[in-house]
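Shown next, in structure tokens, is the structure this report addresses.
Labels below follow one simple rule: chain letters A, B, ... track the order of the sequence lines, proteins then strands, and each chain is numbered from 1. Side-chain atoms are counted along with the backbone in the values below, which use heavy atoms only and exclude waters and symmetry mates.
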Number of protein chains: 2
Amino acid sequence: MTTAAPASEAARQHTLRERNLELVARAVFEAPGPLSRADVAAATGLARATVSTLVDRLVAGGLLRELPAVGGGRAGRPGVPLVPAPRTVVGVGLEANVDYLGLRVLDLTGDVVAERVLDGAFHDSDPALVLGRLGELARDVVDGLRAQGITVAGARLALPGLVDARAGRLEVAPNLGWSSLVPVPLLGLDLPVEIANEAKLAALAELAGPVPGSFLYVSGDVGIGAAIVVERALFLGERGWNGEIGHVVVDPAGPRCSCGAFGCLEQYAGKEAILRGAGLPPDAPLADLLSLLADGGRAPSAGASAEAERAGAAVRTAGRALGSALADFVNLVDVSTVVLGGAYTDLLPWLRPDVEAVLVERVLAAPLVRIDVRAAAAGPQAALTGGAREVLRGVLGDPAAWV
Amino acid sequence: MTTAAPASEAARQHTLRERNLELVARAVFEAPGPLSRADVAAATGLARATVSTLVDRLVAGGLLRELPAVGGGRAGRPGVPLVPAPRTVVGVGLEANVDYLGLRVLDLTGDVVAERVLDGAFHDSDPALVLGRLGELARDVVDGLRAQGITVAGARLALPGLVDARAGRLEVAPNLGWSSLVPVPLLGLDLPVEIANEAKLAALAELAGPVPGSFLYVSGDVGIGAAIVVERALFLGERGWNGEIGHVVVDPAGPRCSCGAFGCLEQYAGKEAILRGAGLPPDAPLADLLSLLADGGRAPSAGASAEAERAGAAVRTAGRALGSALADFVNLVDVSTVVLGGAYTDLLPWLRPDVEAVLVERVLAAPLVRIDVRAAAAGPQAALTGGAREVLRGVLGDPAAWV
DNA sequence: CCGCATTTGTTGTACGACTGAACTATTGCG
DNA sequence: CGCAATAGTTCAGTCGTACAACAAATGCGG
């Protein structure tokens with residue numbers, strides 16, 4: 001006989017229990033308001049008896065909390081409202097980026113339990129130093145939470161570069177000047193920490209808002225990163241190195257890019273390229289560009305200043321280039337919503353006309369579907385929120401481990 | 001209380017049974033050789049007793065067959081070899097394309113049980129007529145199989161266009177001249193038939209061979225279609241309209257494409273574009289181009305004929321363009337193997353140098369991973385094989401329904 | 001040729017998880 | 001105050017897997 005291919009996993013009885021525990025937990029966590037045990041039974045299709053035992057376990061484990069019963073206006077015994085338990089289990093989002101490092105702690109209700117943000121300039125920095133500093137910040141916060149009896153489930157570290165999440169390895173982060181290193185030990189945290197690409201985690205933060213289940217997230221900064229979300233889950237490709245839209249071909253006759261190729265999107269729609277095109281220094285704050293644009297917008301035909309005109313032209317160039325790269329992205333991946341984050345969020349009003357025009361022109365399915373281009377809804381440092389949410393999603397996926 | 005979000009699905013006891021039945025079936029079907037019950041137990045992690053009852057059920061249902069025991073050379077009672085049952089349950093792959101229509105029937109062992117291929121020219125054809133003819137062919141074959149007591153599990157219809165598989169709707173197939181129609185009823189088959197894009201199914205046919213679990217499949221013909229396979233499963237995007245690599249930007253200053261945009265890949269690396277570039281009529285057989293290329297290759301420096309030189313140049317242009325589009329694809333999706341099908345399979349020796357050179361230049365992760373470009377291994381009409389395999393995969397995914 | 005070690009497959013009991021129905025608890029309403 | 005309605009709990013029933021013991025079949029050494 002021969003050795004069989006390693007099949008997924010045998011289902012035992014406790015597999016049932018775990019899966020239904022997850023089902024019940026998700027039902028409560030993803031509901032817009034409190035649910036009773038009977039509501040959960042109706043929503044999941046499980047018998048009321050089963051739901052009761054599962055809920056009891058989740059309540060005992062501290063993931064769910066029972067609120068005082070309240071008359072529902074209807075006849076019959078009122079149900080006991082169940083809600084995610086606040087400040088019992090939390091997830092930590094960490095980030096080391098070019099212009100700041102920080103962390104954010106969320107609990108199961110989605111509340112921010114703690115936050116630290118440290119602005120700085122970490123171009124070509126020493127990873128041991130930077131991650132050591134971040135680790136200190138985090139240790140301080142985590143110890144404080146544990147002293148209050150709060151369980152810290154784990155952390156995600158967001159990094160701006162090619163990340164091999166399985167191996168826990170940062171292959172290269174050009175703007176930080178880091179390459180080929182294993183960052184987690186440098187944090188010195190006694191927590192399960194996983195690493196991920198910054199744009200990917202920022203994309204997940206959008207899921208807290210009213211976004212559809214599938215979308216492309218594109219974050220424009222010095223570099224341009226992207227993430228693919230399908231049915232509320234990240235699509236990572238083979239190693240998680242996808243979404244490198246910054247180096248998609250816009251024009252093979254275009255300027256040389258830092259990656260060595262010619263005419264990459266980054267050379268048209270990267271932050272520095274836009275600023276330079278607008279006649280501003282490449283490290284100027286985005287606000288300078290925005291105020292120039294606002295001037296131009298206020299007096300469009302009446303003859304805006306030459307500076308304003310130039311800024312407008314630069315943004316229009318960026319918009320056309322971005323539209324072209326997004327069209328490729330949509331043609332290859334097929335998603336009908338594009339969420340623009342980073343610097344693009346504020347620039348969107350000026351980018352939109354050109355982006356949308358090019359999309360209509362180049363997307364093959366354009367006659368059949370409208371591509372919805374929108375601004376990111378998650379606040380600043382979205383990757384912190386996304387990372388913390390990702391940790392908590394893991395808790396929901398296996399509540400048994402925390403009960 | 002509020003209504004809960006519809007969660008996935010409650011796990012009952014029979015869910016266990018179904019899942020383990022699938023596990024056992026897969027173990028036997030995907031193994032390189034026969035397995036005994038004990039082997040299956042070892043491979044799946046299930047208890048021998050459990051495996052026995054599951055195997056008995058699969059044998060009774062006709063999905064598995066017991067071979068006569070054979071002395072294994074080892075001490076101990078010899079195991080009963082289990083193999084996929086031949087010619088008991090079969091899947092049907094159907095295709096209606098520009099230059100042919102046909103069907104192929106595979107059984108669980110992977111053998112071709114029946115096949116019909118009808119060459120023709122179906123540009124701008126009448127869907128009712130063409131699909132009616134295909135349905136007749138299929139009905140004939142299916143009736144014959146059923147008369148032999150063979151269970152026909154279902155069929156997949158491959159179509160060259162944008163297919164909404166969920167709605168069972170072909171939105172548009174430019175080369176057939178079909179649009180906005182529901183093809184399945186036109187076949188007139190009393191079988192569960194689902195539709196899918198041709199390139200997607202052709203990609204799945206590759207899984208029968210020694211291909212890695214994740215790859216991009218690109219099929220070059222008049223149009224250029226692609227499919228994304230990750231961990232042996234198709235990635236379909238939001239509606240299954242992904243992989244439209246034929247309309248990725250190669251050069252915004254390039255020629256106008258039939259889609260209305262400028263400089264699409266199809267204008268450089270589509271079959272007609274290559275033939276025209278080589279000085280051949282756009283409907284010339286591929287063999288003409290290949291023999292020109294072979295001439296040029298035989299006497300590369302010694303002064304090949306002007307025709308051969310021209311053909312070589314056209315293919316090099318196509319190779320560079322294809323490399324550029326593939327680089328975008330790899331940057332956006334992150335897969336390290338590219339399988340070239342359709343006309344590209346035979347052209348690969350001439351395309352390879354330029355494709356690989358551009359990939360190294362433009363793929364951001366190129367210093368970290370070698371992108372393996374290879375020819376498709378599935379034979380002609382790969383979509384037929386892929387479709388039939390897809391049906392059988394469905395049988396394996398829910399053996400209980402067929403037992 | 002026989003007994004033993006070894007491996008396979010089967011049988012029977014135990015256990016865990018979900019279900020359905022009956023039962024209790026709690027509320028609104030006439 | 002009693003009835004209808006709804007929530008939550010209890011309990012026997014069923015189903016599927018696990019474990020251990022056992023029967024079956026083979027190779028090997030004496």
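- Evaluated for a side chain to side chain contact (heavy atoms under 4.5 Å, CB included) with B:Val105, the options B:Val142, B:Val113, B:Val391 yield exactly one hit, B:Val113.
- At a cut-off of 3.5 angstrom, counting only N and O atoms as typed in the model, there is a donor on one side and an acceptor on the other between the side-chain of A:Arg77 and the base of D:dA7.
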Atom pairs, protein N/O to nucleotides 12-17 of chain D N/O, distance under 3.5 Å:
unit_1, atom_1, unit_2, atom_2, d
D:dC15, O2, B:Gln13, NE2, 2.7
D:dG16, N2, A:Gln13, OE1, 2.4
D:dG16, N2, A:Gln13, NE2, 3.2
D:dG16, N3, A:Gln13, OE1, 2.7
D:dT17, OP1, B:Asn20, ND2, 3.0
D:dT17, OP2, B:Arg17, NE, 3.1
D:dT17, OP2, B:Arg17, NH2, 2.7
D:dT17, O4', A:Gln13, OE1, 3.3

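- Counting non-hydrogen atoms under 4.0 angstrom, A:Ala38 reaches the backbone sugars and phosphates but no base.
- Between the CZ atom of B:Arg74 and the C1' atom of C:dC4 there is a distance of 18 Å, given to the nearest Å.
- Side chains of B:Ser36 and B:Asp39: a donor-acceptor N/O pair is present below 3.5 angstrom, by distance only.
- The 5' end of DNA chain C is approached more closely, in terms of each residue's nearest nucleotide, by B:Ser52 than by the other of A:Ala69 and B:Ser52.
- Residue B:Arg37 has its side chain nearest to C:dT10 when only C:dT10, C:dT6, C:dG20 are considered.
- A donor atom on one side chain and an acceptor atom on the other are found under 3.5 Å apart for B:Glu238 and A:Ser336.
- Nearest-nucleotide positions on DNA chain D for A:Ala10 and A:Ala49 put A:Ala49 closer to the 5' end.
- The separation between B:Leu64 atom CG and C:dG9 atom P is 13 Å, rounded to whole Å.
- The two residues A:Glu115 and A:Val112 make their nearest non-hydrogen contact at OE1-CG1, 4.0 Å.
- Here the closest heavy-atom approach between residue B:Ala85 and residue B:Gly62 is recorded as CB-O, 3.2 Å.
- Between A:Glu206 and A:Arg389 there is no salt bridge, since none of the side-chain N atoms of the basic residue sits less than 4.0 Å from a carboxylate O of the acidic one.
- Side-chain atoms of A:Arg48 and base atoms of D:dG8 include a donor and an acceptor less than 3.5 Å apart.
- In this structure, CD of A:Glu66 is placed 11 Å from C1' of D:dG8, rounded to the nearest angstrom.
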